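Worksheet: one structure, shown below.
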Amino acid sequence: KNFADVPGDEVDELMRNIKALSRRLSANISRRYEKSNRVNRPDLRKTLRKNMRRGGELLEIAFHKPKRNRTKLVVICDVSRSMELYAAFLLQFMYTFQQVYKRVDTFAFSTSLQHITQLLKQNGFEAAMQQLAAGNESWSGGTRIGKSLHSFVQEYAPKVLDIRTIVVIMSDGWDT
């Protein structure tokens with residue numbers, strides 16, 4: 001669907017849904033636990049281990065809480081001519097996601113890769129889009145997915161990727 005044809009009231013609802021989704025994903029809780037000083041959930045294993053010195057009498061109780069999942073997100077978006085109908089929506093999606101999700105790096109590519117995290121952290125989406133359009137002459141051109149991903153791996157991967165990183169590539173797969 002051409003997202004330029006979506007009515008304004010539906011775009012607002014769509015952005016609210018994206019924001020709710022991103023909040024939910026950013027607040028994801030792990031199955032593991034961490035130490036807690038608050039009286040939350042008693043940790044039976046640590047409580048027994050602490051009290052073995054006293055003959056097993058439970059005098060000190062240890063507590064734990066669910067550990068927050070600190071997943072980092074890297075989003076790479078295709079903004080070539082074949083993605084022109086969807087690029088504005090996907091960039092707005094990335095902008096909204098970056099406003100809520102703290103650990104996110106965003107990239108856009110067409111014939112070359114551009115790191116756009118700092119541009120999307122600005123106050124307004126329209127100002128960020130104007131700077132993106134002015135700063136990149138290769139947008140809405142051809143697509144070089146392989147070259148762009150290779151430059152991502154060579155230049156940015158050592159800095160932004162770790163064991164807790166999820167990489168999302170949004171593209172139609174067309175390459176020149």
Side-chain angles (χ1 to χ4, degrees), residues 11-79 83 86-87 89-109 112-125 127-128 131-132 145-173:
V11 170
D12 293 338
E13 182 182 346
L14 192 60
M15 287 303 112
R16 281 194 302 274
N17 289 337
I18 290 171
K19 200 173 268 193
L21 172 70
S22 58
R23 279 196 183 113
R24 201 162 131 205
L25 286 173
S26 67
N28 195 9
I29 295 177
S30 175
R31 292 186 300 176
R32 298 185 181 267
Y33 290 93
E34 64 185 354
K35 181 180 173 184
S36 175
N37 292 331
R38 291 182 17 196
V39 179
N40 200 4
R41 283 189 184 161
D43 187 347
L44 187 60
R45 177 183 283 169
K46 284 188 182 175
T47 300
L48 290 175
R49 194 175 300 135
K50 272 181 150 181
N51 292 296
M52 288 303 283
R53 287 179 257 160
R54 297 183 176 89
E57 210 170 308
L58 301 177
L59 298 176
E60 292 181 48
I61 299 175
F63 298 96
H64 64 190
K65 64 181 179 181
K67 192 175 190 179
R68 285 258 185 221
N69 195 358
R70 300 291 180 208
T71 305
K72 186 175 183 180
L73 188 65
V74 174
V75 183
I76 304 172
C77 183
D78 183 356
V79 290
M83 291 287 291
Y86 314 107
F89 168 74
L90 293 175
L91 288 170
Q92 193 165 12
F93 174 79
M94 290 167 39
Y95 174 79
T96 305
F97 212 79
Q98 192 162 339
Q99 300 303 313
V100 176
Y101 205 84
K102 299 293 182 218
R103 295 183 50 157
V104 64
D105 277 302
T106 50
F107 296 88
F109 72 91
S112 63
L113 184 73
Q114 184 180 10
H115 190 208
I116 60 172
T117 304
Q118 293 304 319
L119 291 174
L120 292 180
K121 283 189 177 180
Q122 294 179 357
N123 293 337
F125 176 70
Q131 282 194 338
L132 285 172
I145 298 173
K147 179 185 170 200
S148 299
L149 291 179
H150 184 270
S151 72
F152 170 76
V153 169
Q154 294 297 317
E155 295 175 37
Y156 299 105
K159 299 175 203 167
V160 298
L161 297 182
D162 61 12
I163 196 147
R164 290 190 174 105
T165 304
I166 297 173
V167 179
V168 178
I169 301 172
M170 297 185 284
S171 176
D172 58 359

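Computed from a predicted model, the values in this text were never measured in an experiment.
Summarising the geometry of Phe107 relative to Met94, their closest heavy-atom pair is O-CE, 3.8 Å, with the distance given to 0.1 Å. The two residues His64 and Pro42 make their nearest non-hydrogen contact at NE2-O, 3.8 Å. Across Ile145 and Ser171, no two heavy atoms sit closer than the pair CD1-OG, 3.7 Å. The two residues Ser112 and Ser148 make their nearest non-hydrogen contact at C-OG, 4.0 Å.
For the pair Phe152/Leu161, a side-chain contact is recorded, criterion being any heavy-atom separation below 4.5 Å from C-beta on. When side chains are defined from C-beta on, Val160 does not count as touching Thr165, because their heavy atoms never get closer than 4.5 Å. Using a 4.5 Å heavy-atom cutoff, the side chains of Val75 and Phe93 are not in contact. Using a 4.5 Å heavy-atom threshold, the side chains of Val74 and Val168 count as separate. For the pair Val79/Phe109, no side-chain contact is recorded, criterion being any heavy-atom separation below 4.5 Å from C-beta on. Taking 4.5 Å as the limit, every side-chain heavy atom of Val104 sits out of range of all side-chain heavy atoms of Thr117. Here the side chains of Leu149 and Ile76 are in contact, with some heavy-atom distance below 4.5 Å.
Partners of Asn51 under the side chain to side chain donor-acceptor pair (under 3.5 Å) rule, at least two apart in sequence or in another chain, do not exist in this structure.
Salt bridge Asp43/Lys50: absent, no basic N to carboxylate O contact under 4.0 Å. With respect to the salt-bridge test (charged N to carboxylate O, under 4.0 angstrom), the residues Asp105 and Lys72 qualify.
Side-chain contact, Thr106 with Gln98: a donor N or O sits under 3.5 Å from an acceptor N or O.
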Criterion side-chain contact (heavy atoms from CB on, under 4.5 Å) on Leu48 and Leu58, from CA distance to verdict: CA-CA 7 Å; Leu48 290 175; Leu58 301 177; 3.9 Å; yes

Let me see the working for Ser151 and Tyr156 under side-chain contact (heavy atoms from CB on, under 4.5 Å), right down to the final yes or no. CA-CA 8 Å; Ser151 72; Tyr156 299 105; 5.7 Å; no

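For the atom pair Lys46 NZ and Glu60 CD, the distance stands at 13.5 Å (nearest 0.5 Å). Once rounded to the nearest 0.5 Å, the distance linking CG of Leu113 with SG of Cys77 reads 11.5 Å.
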